[in-house]
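Structure, as structure tokens:
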Amino acid sequence: MLTIKNLHAAVEGTPILRGINLEVKPGEVHAIMGPNGSGKSTLASVLAGREEYEVTEGEVTFKGKDLLDLTPEDRAREGVFLAFQYPVEIPGVSSTNFLRTALNQVREYRGQEPLDAVKFLSLMKEKMKLVEIDQKLLSRSLNEGFSGGEKKRNEIFQMAMLEPTLSILDETDSGLDIDALRIVSNGVNQLKSPDTATIVVTHYQRLLEYIVPDFVHVLYKGQIVKSGTKDLALELEAKGYDWIKEEVDAAV
Amino acid sequence: MSKDNQILEEFTSKDYEHGWSVNYEADEAPLGLNEEIIRWISAKKEEPQWLLDWRLKAFRAWEAMEEPKWANVTYPKVDFQKLRYYSAPKQTKKPKSLDEIDPELLAIYERLGISLNEQKRLQGIAVDAVLDSVSVATTFKGTLAKLGIVFCSFSEAVKEHPELVKKYLGSVVPMTDNYYAALNSAVFSDGSFCYIPKGVRCPMELSTYFRINAANTGQFERTLIVAEDESYVSYLEGCTAPQRDENQLHAAVVEIYAGAHAEVKYSTVQNWFPGDKDGKGGIYNFVTKRGICAGDHSKISWTQVETGSAVTWKYPSCILKGDNSIGEFYSVAVTNNMQQADTGTKMIHIGKNTKSRIVSKGISAGKSQNSYRGQVQVMKRASNARNFSQCDSLLMGDRCGAHTFPYIDIQNPSAKVEHEATTSKIGEDQIFYCNQRGISTEDAVALIVNGYAKEVLNQLPMEFAVEAQKLLALTLEGSVG
Ligand SMILES: Nc1ncnc2c1ncn2[C@@H]1O[C@H](COP(=O)(O)OP(=O)(O)OP(=O)(O)O)[C@@H](O)[C@H]1O
Ligand SMILES: [Mg+2]
């Protein structure tokens, strides 16, 4: 579904990603871990099409299409969803209104009829249950004044509404309390299907107990320096990153 | 140019939708302005002597006045002798009912999305349609008359209700109030008149739609709204004009009188032709709007969505004379390309326990300049006066300007006056977030801008709010990409 080959990206001339290779197949869950500043969010942003990140080398194909050639909105419409590490506030725009605009544009791109208000609201009701999000939150301005946990939950709610094929969750677990972590993870698991794939960026093994990954990758200095199964996450939890850093730095 | 600016650039360069004009036979005054022209207009309208005298007095005052220079706008001097002060579509005889109105005139309004046919009208809005200098049709007159409500063209009011016109004309905006008000007083051609008797709640929105069609013609309409004690009315005003290379002048006067416990809501969606991308053409909009809360516990609320005009000079104001009276001003002013707007309000607290609230949302794009100018005045007698002002500016790109000029004058120490101001830019983050959910950049900007202006848009009656939202999006279309 997603193939990343030798991806290099820079911000204002500073290289951040330095040769990423990754293959994600339908039905898989990949976890990306790594120390702060290693480039995890940068990778997510590049995949979503954020303009300030300049791709200097490499290629990315998504469902057979050249992903890097698409505008950010077309990537979303093709089914790439990014749950932001820091969701943005939009004053005066309710989540409901925002999502309705989004969903109908996605549907239009896919050649589907727009949903009328009634159908949209019943879809919302159904998905709200999935992540146990409160109606009151959704009638407020998007993310404005939301607590950290509420913002993250709202990201997953949006994901549920838009039904993406590839979801990238950037530290969705940070800021969630213990119950919320379980609820949100359950939501993500229920949205999984043999046709969809998930990339979870996280610092903590705990999330991976709920959302069980098929592969775990460690990103360091803009490269995937180690890949393994979910046991790798356990090992990292126990030992930290130093041993990996030493391995990599010694090899240079 | 950064991406943000490029986006804004493309998004704000969309064409004006109502830029068409129609050829019809017109009854016109000769070009120029002098006493003869004023007599000509007055005679054309078969006015009584007192009104002609009033006009002439205003004209003499105007001749001695100077054009105001304090506003933050620049434009070439208007040559008042090159303008035409009266142009009316020719109708063979005066229409007695809507059925007798020239279908071509009705078609003009149909094209603007305003049906003057009562059967077809959305329920709940009565319309007075003004084309160039005259009112062509007023709908729902009969329904309103049963309640004692008068809603008609100004000229008709002069004929049918001279005592009311005489009593209130110039009582809120004196003929010598300012340069443009004096000009309007001398040459005003038509407009709407509305009278709500004591204790009556007007059951439908009253609406006036202004359209300039003829070239080189100034539009000088005059609106007078009188709400007697314990009455209520919500009044809407909309405006469009064809696209022309030359600038056209619009200098209106609106006067509102509110008796004790009366409430008047006045909403405007202003969409005069703003000129093209290079600033060619467009309407010069110099308007004086003022209401007086004459009785205790009365309330006047102005809501405006200003998207058009090349130059806007406009300060809807409230004189809070009655004790416990309330004045409100809600405004969204959008400027794009080369547009200039200097707009705001004046709240003059005279009575005790008077309250005023100002919410101004400026949006600037392109190379436009957007100024808020507001005055809050608390007189000696006005103990416990309260004012809250919120002035926000939203910038799109880095070649436009937003300016805030608040003036506060307090003569009573018990007054509480609060002023808050913010300036923000549409963030790349916000646009990207929307994009990531599948929303195009253009729609993202519309969404963000409408969210920003929501507090004001919420004040508008339903149908108008929807129209205003679309208009905001349309005005800014092309300024982001
Ligand atoms: N817009 C930017 N301008 C300058 N530097 C940037 C920018 N964006 C990212 N960087 C730098 O790129 C590096 C990678 O950042 P990134 O956000 O991808 O890290 P991360 O792996 O997600 O870290 P964390 O675990 O803390 O979220 C950091 O050193 C960061 O400072
Ligand atoms: Mg990060």
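Each chain gets a letter, A, B and so on, in the order its sequence line appears, and its residues count up from 1.
Proximity of a side-chain donor or acceptor of B:Q430 to a complementary backbone N or O of A:E89 within less than 3.5 Å is detected.
The shortest distance between side-chain heavy atoms of A:T71 and B:S440 does not fall below 4.5 Å. Between B:R437 and A:L99 the shortest side-chain heavy-atom distance does not fall below 4.5 Å. Proximity of B:Q436 to A:F84: side-chain heavy atoms (C-beta onward) are separated by under 4.5 Å at one or more points. Considering only heavy atoms from C-beta on, B:I448 stays 4.5 Å or farther from A:V93 through its side chain. Looking at heavy atoms from C-beta onward, A:Q105 lies in side-chain contact with B:D443 at the 4.5 angstrom threshold.
Note: A:E51 CD to B:I431 CD1 = 11.0 Å, rounded to the nearest 0.5 Å. For the atom pair CG (B:L447) and CD1 (A:I90), the distance works out to 6.5 Å, reported to the nearest 0.5 Å. Atom-to-atom distance recorded for A:E52:CD and B:D429:CG is 7.0 Å, nearest 0.5 angstrom.
When each of A:R50, A:Q158, A:E78 is checked for heavy-atom pairs under 4.5 Å with chain B, A:R50 comes out on top. Chain A forms the most heavy-atom pairs under 4.5 Å with one residue out of B:L457, B:N458, B:I439, B:N450, and that residue is B:I439. For the set A:M161, A:M159, A:E155, the entry with the most heavy-atom pairs within less than 4.5 Å of chain B is A:E155. Note: A:L82 leads A:N104, A:L82, A:N97 in heavy-atom pairs under 4.5 Å with chain B.
Between A:F98 and B:Y433, the two ring planes are parallel [angle under 30°; tilted spans 30° to 60°].
A:F62 is linked by a ring-ring contact (aromatic ring centres under 6.0 Å, His included) to nothing, counting only residues two or more places apart in sequence or in another chain.
Within the 4.5 angstrom heavy-atom criterion, no atom of A:R75 approaches chain B. In this structure, chain B has a heavy atom under 4.5 Å from the side chain of A:L162, while its backbone stays farther away. Residue contact with chain B, scored on non-hydrogen atoms closer than 4.5 Å, involves the backbone and the side chain of A:P87 alike.
Annotation for A:A76 and B:G438: closest pair CB-N, 3.4 Å, computed over non-hydrogen atoms. Heavy-atom minimum distance, A:S45 versus B:F432: O-CZ, 4.5 Å.
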